[in-house]
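Have a look at the structure below, then the notes.
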Amino acid sequence: FCALPRHPPPPPRHPPRHPWKPLPRYYSLFCYFRKIIFEKQWFYLDNAIGHIYGTTFEVTSGGNLQPKQEVEETSTETKEAGTDNRNIVDDGKSQKLTHDDIKALKDKGIKGQEIVQQLIENSTTFRDKTEFAQDKYIKKKKKKYEAVITVVKPSTRILSTMYYAREPGKINHLRYDTLAQMLTLGNIHAGNKMIVMETCAGLVLGAVMERMGGYGSIIQMYPGGGPVRAATSCFGFPKPFFDNLHEFPLSKVQSLLSGTFSTETLPAEPEENTLVEEESNGLSEEKQSSLQEAEEEPAPEAPMDINPTEEQDTMDISAEDVEFKENKEKENKENVREKQMKQWERRKKLQEAAALLREKNADGLIVASKFHPTPLLLSLLEFVAPSRPFVVYCQYKEPLLECYTKLRERGGVINLKLSETWLRNYQVLPDRSHPKLTMSGGGGYLLSGITVVLEKDKSDSSNPEALKMEEPSSKRCKLQDLPC
């Protein structure tokens with residue numbers, strides 16, 4: 001990558017793509033040269049390729065990244081600090097440097113650390129602040145003027161914190177500590193066979209995949225036309241992680257339970273040789289028919305005043321038209337073949353997921369969706385083996401209360417618990433550790449339990465004969481001896 005230029009030649013708007021030729025190499029590398037905008041900073045990631053996770057970079061002029069060199073701060077001078085901040089007035093006149101002066105320093109190429117040092121020297125109230133206030137001031141200015149970026153490896157904690165802070169609506173306001181509770185209560189570990197139903201942009205699915213480590217199988221239930229895995233792609237999982245990931249639509253769960261589920265007849269697996277033979281036969285037949293038509297048609301008499309150069313031009317244009325039509329027909333056949341292959345693969349995956357669900361021996365169930373949890377849970381519990389955990393997340397407690405009541409009436413579950421996680425962040429610093437003033441108002445609610453074998457006799461509670469058989473023998477005798 002280092003040998004490539006900074007800006008490769010831009011690809012054409014409509015590149016002429018031959019059906020058998022791959023795209024040029026710079027198409028696949030063009031993403032590395034895209035401008036990244038993050039936290040009011042813009043930069044290119046091409047210089048970050050080849051470095052390990054956790055490397056800290058400085059953003060230089062032109063958006064280039066350079067590894068930051070660790071500089072030990074050796075300050076022999078004792079800091080001058082005040083006893084308190086009661087005499088400091090924030091009137092905006094304590095800083096001698098103006099906005100234009102700071103901009104001029106940036107244009108000269110002065111680094112952020114030197115700019116922070118000049119801001120400290122030109123501040124009239126810095127020496128009067130307490131030591132804690134001075135550290136807070138320096139930290140604030142470094143964050144503003146030092147363009148430092150650290151590349152970290154994506155994880156469940158980082159992605160869940162980012163989503164909850166920036167776009168909580170996309171993950172149904174699922175807080176990171178609640179997600180950790182879900183993974184613990186669901187007993188997620190390698191080798192499991194899990195069923196995951198979530199509408200959290202793939203965050204819960206990615207967390208389960210990370211915990212399982214590529215061992216075991218996962219069946220994702222999805223509403224609509226296809227699963228959403230925007231957050232799952234951010235984890236950067238290797239390809240083997242997706243080999244055991246299956247998907248099944250919610251619209252076909254009832255038909256699978258009733259035994260009426262059936263996919264359309266799968267086409268026979270297309271072989272490349274047969275397709276090539278069919279295409280070649282089709283092309284030869286088309287060519288033969290076109291030649292026969294050309295022979296049958298009488299050749300028109302050319303007028304005497306036609307120029308031989310004009311006749312040659314018309315011949316070239318007709319030959320180009322024939323080649324263009326042949327190439328277009330080949331592309332159309334190739335597109336049809338690709339669509340058939342995709343349909344065949346999708347139906348095959350659907351059958352594999354249905355076969356896994358028919359076994360009804362899943363090791364756990366995770367539900368975190370925007371839909372009402374009661375019908376989802378009652379239908380999906382049929383695929384879970386006995387003595388296995390299940391966890392349901394909802395942003396509100398009222399739907400989970402209804403689900404709790406339905407499960408108690410239905411039976412087949414034990415150890416039902418409805419809980420809410422409570423989170424408080426603490427600032428841990430020398431001589432100033434305390435809870436933070438702002439905290440999250442709520443992270444959602446969890447309903448957890450364990451499945452057991454459901455006795456069919458207990459489900460028929462409306463039958464008086466069944467109730468009579470459940471009564472103890474002594475009680476039945478006493479009831480029979482009583483006079484009418």
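Considering only heavy atoms from C-beta on, Leu356 stays 4.5 Å or farther from Glu352 through its side chain. Inter-residue side-chain proximity for Thr56 and Pro67 is flagged as unmet; no heavy-atom pair is nearer than 4.5 Å. Between Ser369 and Leu376, some side-chain heavy-atom pair lies under the 4.5 Å cut-off. A heavy-atom distance below 4.5 Å is not found between the side chains of Ile218 and Glu247. The side-chain heavy atoms of Tyr44 and Asn47, taken from C-beta on, include no pair separated by under 4.5 Å. Contact annotation: the side chain of Val151 approaches that of Tyr53 to within less than 4.5 Å [non-hydrogen atoms, C-beta and beyond]. Between Leu350 and Lys252, some side-chain heavy-atom pair lies under the 4.5 Å cut-off. Put simply, the side chain of Leu377 reaches to within 4.5 Å of the side chain of Leu365, judged on heavy atoms.
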Contacts under 3.5 angstrom, residues 219-228 side chains, donor-acceptor by atom type, not counting sequence neighbours:
{"from": "Gln220", "atom 1": "OE1", "to": "Arg229", "atom 2": "NE", "distance (Å)": "2.9"}
{"from": "Gln220", "atom 1": "OE1", "to": "Arg229", "atom 2": "NH2", "distance (Å)": "3.0"}

Contacts under 3.5 angstrom, residues 416-424 side chains, donor-acceptor by atom type, not counting sequence neighbours:
{"from": "Thr421", "atom 1": "OG1", "to": "Asp177", "atom 2": "OD2", "distance (Å)": "3.3"}
{"from": "Thr421", "atom 1": "OG1", "to": "Thr178", "atom 2": "OG1", "distance (Å)": "2.9"}

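Taking CE of Met194 as the start and CG of Asn187 as the end, the distance is 8.0 Å to the nearest 0.5 Å. Taken from OH in Tyr393 to CD1 in Ile366, the straight-line distance is 13.5 Å, to the nearest 0.5 Å. Within the model, atoms CD of Gln117 and NZ of Lys141 stand 14.0 Å from one another, a figure rounded to the nearest 0.5 Å. Expressed to the nearest 0.5 Å, how far CG of Leu357 lies from CD of Glu382 amounts to 12.0 Å. A distance of 12.5 Å separates CD1 in Ile120 from CD1 in Ile115, rounded to the nearest 0.5 Å. From Leu378, atom CG reaches atom SG of Cys403 across 6.0 Å, with rounding to the nearest 0.5 Å.
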Legend entry - Audit row: Ser123, Ser94, side-chain hydrogen bond (donor to acceptor under 3.5 Å, both in side chains) steps and yes/no: CA-CA 6 Å; Ser123 177; Ser94 59; 4.8 Å; no

Legend entry - side chain to side chain contact (heavy atoms under 4.5 Å, CB included) between Val367 and Leu447, intermediate numbers included: CA-CA 10 Å; Val367 178; Leu447 176 64; over 6 Å; no

Inset, instruction - Evaluate the side chain to side chain contact (heavy atoms under 4.5 Å, CB included) criterion for residues Leu203 and Leu159: first the C-alpha distance (whole Å), next the side-chain angles of each, then the deciding distance (0.1 Å), finally the verdict. - result: CA-CA 8 Å; Leu203 179 64; Leu159 288 174; 4.1 Å; yes

Inset, instruction - Dump the intermediate steps for side chain to side chain contact (heavy atoms under 4.5 Å, CB included) on Leu407 and Leu381, then the final yes or no. - result: CA-CA 11 Å; Leu407 287 175; Leu381 278 179; 3.8 Å; yes

Inset, instruction - Could you give me the CA-CA distance, side-chain angles and deciding distance for Glu210 and Thr156, then say whether side-chain hydrogen bond (donor to acceptor under 3.5 Å, both in side chains) is met? - result: CA-CA 8 Å; Glu210 184 188 50; Thr156 301; 2.2 Å; yes

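Side-chain contact check for Thr199 and Asn172: at least one donor-acceptor pair (N or O, by modelled atom type) lies under 3.5 Å.
Side chain of Thr232 to main chain of Gly202: a donor-acceptor pair is present (N/O by atom type, distance under 3.5 Å, no hydrogens or angles). In this structure, Arg211 contributes its side chain and Met209 its backbone to no donor-acceptor pair below 3.5 Å. Listed for the Asn122 side chain is a donor-acceptor partner under 3.5 Å among the backbone atoms of Gln118. Between the side chain of Ser217 and the main chain of Asn244, no donor-acceptor pair closer than 3.5 Å is present.
Between Glu402 and Arg408 no salt bridge is recorded (no basic side-chain N to carboxylate O distance below 4.0 Å). The pair Asp363-Lys193 fails the salt-bridge criterion, with no side-chain N (NZ, NE, NH1 or NH2) lying under 4.0 Å from an Asp/Glu carboxylate O. No salt bridge links Glu345 with Lys348; every basic N to acidic carboxylate O contact stays at or beyond 4.0 Å.
In this view, Phe57 and His51 satisfy the ring pair (Phe, Tyr, Trp, His ring centres under 6.0 Å) rule, not counting sequence neighbours. The ring pair (Phe, Tyr, Trp, His ring centres under 6.0 Å) test applied to His189 returns no partner, not counting sequence neighbours. Applying the side chain to side chain contact (heavy atoms under 4.5 Å, CB included) test to Ser387 and every residue at least two apart in sequence or in another chain returns nothing. For the side chain to side chain contact (heavy atoms under 4.5 Å, CB included) test, residues two or more places apart in sequence or in another chain that qualify with Val336 are Gln340. Shown here are the side chain to side chain contact (heavy atoms under 4.5 Å, CB included) partners of Ile149, two or more places apart in sequence or in another chain: Phe43, Val59, Leu65. Judged as a side chain to side chain contact (heavy atoms under 4.5 Å, CB included), and not counting sequence neighbours, the contacts of Thr98 are Asp100, Asp101.
Between Leu174 and Cys200, the shortest heavy-atom contact is CD2-SG, 4.5 Å. Shown here for Gly443 and Arg175, the closest heavy-atom pair between the two residues is N-NH1, 3.5 Å. When all heavy atoms of Lys153 and Ile158 are compared, the pair lying nearest together is O-CD1, 3.5 Å. Shortest non-hydrogen contact noted between Pro375 and Ser379 is O-OG, 2.9 Å. Smallest separation of non-hydrogen atoms from Ala362 and Ile195: CB-CD1, 3.7 Å. Leu400 and Cys394 make their closest contact through CG-CB, 3.7 Å (heavy atoms, listed as atom of the first residue, atom of the second, distance).
In this structure, Ile52 places its CD1 atom where only 12 or fewer heavy-atom neighbours from other residues, nucleotides or ligands lie under 6.0 Å away. In Lys397, the NZ atom is not crowded: 12 or fewer heavy atoms of neighbouring residues, nucleotides or ligands sit closer than 6.0 Å. Residue Lys349 places its NZ atom among 12 or fewer non-hydrogen atoms of other residues, nucleotides or ligands, all under 6.0 Å distant.
Within the structure, the ring pair (Phe, Tyr, Trp, His ring centres under 6.0 Å) test picks out the following pairs touching residues 234-257 (sequence neighbours left out): Phe235-Phe237, Phe237-Phe241, Phe248-Phe261. Under the ring pair (Phe, Tyr, Trp, His ring centres under 6.0 Å) criterion, the residue pairs touching residues 99-144 are Phe126-Tyr137, with sequence neighbours excluded. Under the ring pair (Phe, Tyr, Trp, His ring centres under 6.0 Å) criterion, no residue pair touches residues 155-179, with sequence neighbours excluded. Contacts classified as ring pair (Phe, Tyr, Trp, His ring centres under 6.0 Å) and involving residues 425-449 (residues at least two apart or in different chains) are not found.
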